[in-house]
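Data first, discussion second: the structure below is written as structure tokens.
Since the structure is predicted, the reported quantities are computational estimates derived from the model, not experimental observations.
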Amino acid sequence: MKRSEGKKILKKDRVGLSFVGKSLKKEIEKDIDECLEQQQKEIDRLKEDLYDQARVKFRSASEFQVFVLRHMDFKIS
């Protein structure tokens, strides 16, 4: 989920905090923004790590795709 979509979801939750004072509300919004930024950084770092690991282990994107397909389990209920 993209950061902007996360902000929209959390904004709906903030509306429920109408009883909270403005300064506390701004502090909560700041904490939410910081949390979303941190999550995005962690996601980006994980993506880079996965990409690096795939490059080290596989000679090509096709070889990686074949590996993924061979090791997937499809469960149909």
Side-chain donor-acceptor pairs under 3.5 Å in residues 61-74, sequence neighbours left out?
from	atom 1	to	atom 2	distance (Å)
Glu63	OE1	Arg59	N	3.3
Glu63	OE1	Arg59	NE	3.1
His71	ND1	Phe67	O	2.7

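Asp31 meets the side-chain contact (heavy atoms from CB on, under 4.5 Å) test with Glu27, Glu34; sequence neighbours excluded. Partners of Gln38 by side-chain contact (heavy atoms from CB on, under 4.5 Å), not counting sequence neighbours, listed by chain and number: Lys41, Glu42. A search for side-chain contact (heavy atoms from CB on, under 4.5 Å) contacts involving Lys47 returns Ile43, Asp44, not counting sequence neighbours.
Legend: ring pair (Phe, Tyr, Trp, His ring centres under 6.0 Å) pairs involving residues 22-46, not counting sequence neighbours: none detected. For the ring pair (Phe, Tyr, Trp, His ring centres under 6.0 Å) condition, no pair includes a residue of residues 28-51, sequence neighbours left out.
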